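Please read these numbers as outputs of a predicted model, since none were measured by experiment. Residue numbering restarts at 1 for every chain, and letters A, B, ... go by the order of the sequence lines.
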Amino acid sequence: MPKTEKPSEKDNHEPKKLPIYKHKDKLVQAVKENSFLIVTGETGSGKTTQLPQYLYKAGLCRNGRIGVTQPRRVAAITVAQRVCQEMGVQLGEEVGYQVRFDDCSTKDTMIKYMTDGCMLREILADPGLSQYSIVILDEAHERSLNTDVLLGLLKKRLSKASRGHQAPLKVVVMSATLETEKLSSFYGNCPVFTIPGRTYPVKEKFCNLIGPKDKESSVYVKEVVKVTLDVHSSEAAGDILVFLTGQAEIEKACDMLFEKAETLNYRYDVHDRTVEGLLILPLYGSMPTDQQRQIFQPSPKGVRKCVVATNIAATSLTIDGIRYIVDSGFVKQLNHNSRVGLDILEVVPISKSEAQQRTGRAGRTAAGKCFRIYNKDFWDTCMPNYTIPEIQRTSLTSVILTLKCLGVHDVIRFPYLDCPEERFILTALKQLYQFDAIDRRGHVTPLGRLMVEFPLPPNLTRALLKAAALECEDIVLPVAAMLSVENIFIRPGKPEGQKEAEARHSEIAAFAGGSNDFLMLLCVFEKCRASDNPSAWCKEHWIHWRAVKSAFSVESQLRDILLRLKQRKDFPHEKFEGSKSELLRQCLCLGYFTNVARRSVGKSFCTMDGHGSSILIHPSSCLFGQELQLDWIIFHDVLVTSRVYVRTVCPIRYEWVMDLLPKLHEIDVYELSSVAREEVTDEEMVHWEKKEAAKRQAEAREDAARKLEKRNDESSITEARARYLERKQHRRRT
DNA sequence: GAGCACTGC
């Protein structure tokens, strides 16, 4: 018997050899006996592929299918494929999957893998999830925004009314061995079922090269490079995975690895990027897919592979053969700052659980080592125990609208596993009110019901619905699609490419009229679609073809949704005559009046949202350099780096937003805080202005107005305020 | 005159 032989990949995944197999009967029993169950088990336990099969074979889905959610598309697809193979069935029949743009399931699908976002959409269409008997939320420890919303929604196991005569839904939450007690107590101290994992030990080492004060990119990149070369020269065979924060940093680190290696008298070859047996490969999301694929090719004999990656390698991509991790301790994270009303992308220390996750990437096929460049002091003082869940650090506008549409009116006391700050919820409500998606009482308006159907942020949805009402959706659909996919324009890291790319981009800008970034996106979309060879056209113009291609799919999806909604009798219609670009701008104004700014001193602008932040036009905008000729603008997003920049900008006329601006100050968070709690009765509505809240509200409002006036003592602002006061008076009278 | 992590509907 060849006992010494390493088990092959196939044997490794043999269902009966997985750790979960021994617990099969007990698991099935636990699901039968409990409405809620937490299952924990680390990577390799087999829970994702096996548990649904056990439940299916035990006849637990006679009255409805089993839905298994995943935070990522690829995971949903590949797991479904694997389970099909194991069961010997055709994909899309008994076992299937559903992700955006790709539904591989039928009415008879009994085990359905899907993204958490798809599950949320299904709940919107069928609040009782009547086709399901069991819902399994997988990877709950990742705490994705959608999973968190689902966790809360399923806590009530969906109201009896919405399930009709059906048996209540069973809920299984699967998570890595973190925070399982918290999950259990969230679901009324439900049982926790633990399955041992099957990973190899990874030795952790603090290299003590940076401490709490070293947060400069240049500092930690240098140390990361040093450690990586040390590992290469002193450790046994096995590939290295290095974690850094972004494209620029990764390219820099790769360059430094070559240079340093050279001074160490390594032979090195620029063309195949190898240095004395070290193959250096960058890896980040915006890299072309074929280049990404190189990462997975096994390195030639005697050559060590070194992948320098962003967090994409922490969960999304798994590279076999990694035995060493070099961890910088940092990550780039998008945080919503409700105090200034901005989303800020910033480099922050990772959490201890994230460090653990990175470490685990080295122990998938053999024992490994993890080198942390920071010291224990950094670990203790800078790194939080857990990553703040997404729901506590993103803008909640879409989430709140979804909840409201599902009949969750009290969005503050909704059962969140971790409550978002009240302020975040209130600003979301305020935004929804400004977009006419909810009324003063916090109830969803007919428009809000239309808005929730779109997989877009509310501002874009608002613009799109306005366009549809004006029968000019053809120009807004592509813009909305282009704005909701990854970055369209290629901006190379090296100076030579930069000039060429810039020249090509300004050609397009000129063609689009040279003074509107939104129109420029429309132009790229249309030109590319009209081209015989779109991918070549993109390459020639330094445009990401992958992004435009997905914009094409998004556009047609949005178009389908719009067509469906237009059948509704209450779909709004309006009339407007004007040029194409004027029409576009008018629609955009309705979606972006919360992002209006007016030029103040020199090239800077001042936002009108009440925060009165000072902003600049980003150099990548086609309006950069034309600031002095501009007065009012709207913008799509904000980038905070050395200064506060806005990108994707459109000049507007004051008249277009004049009637909308007062809406920004008409209602404030104090008013909404009671609305949010549904504490306001009809009577209270009448008296409530006399209350303390009203006083604070008035003060806050006047304060905001004072600040606004101080910054813009132009007649137009005073005019806007006068109109607002007039309306308010009017409202009081009626 | 600067530079965008990663997901998802």
Side-chain angles (χ1 to χ4, degrees), chain A residues 69-76 98-103 114-125 139 142-150 217 243-252 283-287 309-317 328 330-335 343-348 350 354 357 387 390 393-394 398-399 401-402 452-457 460-461 481 484-495 497-498 501-502 544 547 550 553-554 557-558 561 603 616-621 624-625 627 637-648:
Chain A
T69 70
Q70 294 290 325
R72 280 171 298 281
R73 292 166 57 94
V74 263
Q98 188 185 348
V99 297
R100 191 186 191 183
F101 305 125
D102 191 2
D103 183 359
M114 59 213 291
T115 50
D116 47 15
C118 273
M119 177 62 88
L120 206 51
R121 288 278 142 190
E122 275 203 30
I123 294 186
L124 268 169
E139 312 283 5
E142 286 190 27
R143 306 295 308 276
S144 80
L145 182 60
N146 288 332
T147 297
D148 263 23
V149 173
L150 288 170
S217 171
F243 281 105
L244 281 170
T245 72
Q247 173 177 352
E249 211 171 87
I250 285 168
E251 297 288 0
K252 194 179 157 205
L283 174 66
Y284 43 85
S286 61
M287 229 164 69
T310 59
N311 238 20
I312 195 170
T315 48
S316 306
L317 297 178
S328 65
F330 289 97
V331 70
K332 220 172 250 182
Q333 200 174 64
L334 186 71
N335 294 322
D343 287 335
I344 301 175
L345 188 68
E346 52 192 340
V347 173
V348 295
I350 57 170
E354 217 170 341
Q357 164 82 29
T387 307
E390 207 182 345
R393 53 182 172 83
T394 40
S398 291
V399 169
L401 181 61
T402 308
V452 81
E453 299 287 329
F454 291 90
L456 289 175
L460 275 175
T461 317
S484 59
V485 298
E486 53 184 321
N487 186 23
I488 294 288
F489 300 101
I490 299 174
R491 296 191 216 289
K494 305 266 186 281
Q498 263 172 24
E502 260 176 48
H544 276 121
S550 51
S553 333
V554 174
Q557 188 195 23
L558 297 176
I561 296 171
K603 291 181 175 180
L616 290 167
I617 292 181
H618 192 270
S620 67
S621 163
F624 179 81
E627 291 89 346
D637 63 347
V638 185
L639 175 66
V640 182
T641 51
S642 52
R643 304 167 113 169
V644 183
Y645 289 104
V646 291
R647 295 175 306 177
T648 320

Q) Counting side-chain heavy atoms from CB outward, which of B/dG1, B/dC9, B/dA5 is closest to A/T310? A) B/dA5
Q.
Closer than 4.0 angstrom, basic N to acidic O: yes or no for A/E249 and A/K332?
A. no
Q) For A/Q333 and A/T387, what are the C-alpha separation, side-chain angles and deciding distance, and is it a side-chain contact (heavy atoms from CB on, under 4.5 Å)? A) CA-CA 10 Å; A/Q333 200 174 64; A/T387 307; 3.7 Å; yes
Q.
Of the listed nucleotides (B/dA5, B/dC9, B/dA2), which one gets closest to any side-chain atom of A/P455?
A. B/dC9
(Q) Nearest heavy atom decides the nucleotide; on that basis, is A/G117 or A/S286 closer to the 5' end of DNA chain B? (A) A/S286
Q. Between B/dG1 atom P and A/R491 atom CZ, what is the distance in whole Å?
A. 17 Å
Q.
Does A/Y284 reach a base, just sugar-phosphate, or nothing at all? Heavy atoms under 4.0 Å.
A. sugar-phosphate
Q.
Considering every strand and a 4.0 Å limit on heavy-atom distances, what is the contact class for A/N487: base, sugar-phosphate, or nothing?
A. base
**Q.** A/R72 side chain, from C-beta outward: closest of B/dA5, B/dT7, B/dG1
**A.** B/dT7
Q | Interatomic distance where CG belongs to A/L401 and C1' belongs to B/dC9 [whole Å] | A | 13 Å
Q: Would you mind reading off the distance between A/L283 atom CG and B/dA5 atom P, rounded to a whole angstrom?
A: 12 Å
Q.
Considering every strand and a 4.0 Å limit on heavy-atom distances, what is the contact class for A/S316: base, sugar-phosphate, or nothing?
A. sugar-phosphate
**Q.** 5′-ward residue of the pair A/R393/A/T115 relative to DNA chain B
**A.** A/R393
Q. So does A/S484 get a side-chain nitrogen or oxygen closer than 4.0 Å to the phosphate oxygens (OP1/OP2) of B/dC9?
A. no
Q: Return the set of residues passing side-chain hydrogen bond (donor to acceptor under 3.5 Å, both in side chains) with A/S398 (not counting sequence neighbours), or none when no residue passes.
A: none
(Q) Under 4.0 Å, heavy atoms only, any strand: does A/Y645 hit a base, just the sugar-phosphate, or nothing? (A) sugar-phosphate
(Q) Please pick, from B/dA5, B/dG1, B/dG8, the nucleotide with the shortest atom-to-atom distance to any side-chain atom of A/F624. (A) B/dG1
Q: Would you mind reading off the distance between A/L345 atom CG and B/dA2 atom C1', rounded to a whole angstrom?
A: 15 Å
Q. Please give, in whole Å, the distance from B/dC6 P to A/L145 CG?
A. 18 Å
Q. Checking side-chain contact (heavy atoms from CB on, under 4.5 Å) for the pair A/D343/A/D637: CA distance, chi angles, key distance, verdict?
A. CA-CA 8 Å; A/D343 287 335; A/D637 63 347; over 6 Å; no
Q: Indicate whether OP1 or OP2 belonging to B/dG8 is found under 4.0 Å from a side-chain N or O atom of A/R121.
A: no
Q) Roughly how many Å is it from CD in A/E390 to P in B/dT7, rounded to a whole number? A) 12 Å
(Q) Classify A/I312 by what it touches in the nucleic acid, base, sugar-phosphate, or nothing, heavy-atom distance under 4.0 Å. (A) sugar-phosphate
Q. With sugar-phosphate meaning primed atoms plus P, OP1 and OP2, does A/V347 contact a base, only sugar-phosphate, or nothing at under 4.0 Å between heavy atoms?
A. nothing
Q) Between A/F101 (CZ) and B/dG8 (C1'), how many Å, whole number? A) 11 Å
Q. Any luck finding a side-chain donor-acceptor pair between A/D116 and A/S144 under 3.5 Å?
A. yes
Q) Under 4.0 angstrom, heavy atoms only, what part of the nucleic acid is A/R100 near: base, sugar-phosphate, or nothing? A) base
Q. Across the strands shown, which category fits A/S144 at heavy-atom distances under 4.0 angstrom: base, sugar-phosphate, nothing?
A. nothing
Q: Would you confirm whether A/E390, through its side chain, and A/L145, through its main-chain N or O, come within 3.5 Å as a donor-acceptor pair?
A: yes
Q: Let me know the distance between CD of A/E249 and P of B/dA2, rounded to the nearest Å.
A: 19 Å
(Q) Taking atom types as they are modelled, would you say the side chain of A/E502 forms a donor-acceptor pair with the base of B/dA2 within the 3.5 Å cutoff? (A) yes
Q) Heavy atoms under 4.0 Å, any strand shown: does A/R643 hit a base, just sugar-phosphate, or nothing? A) nothing
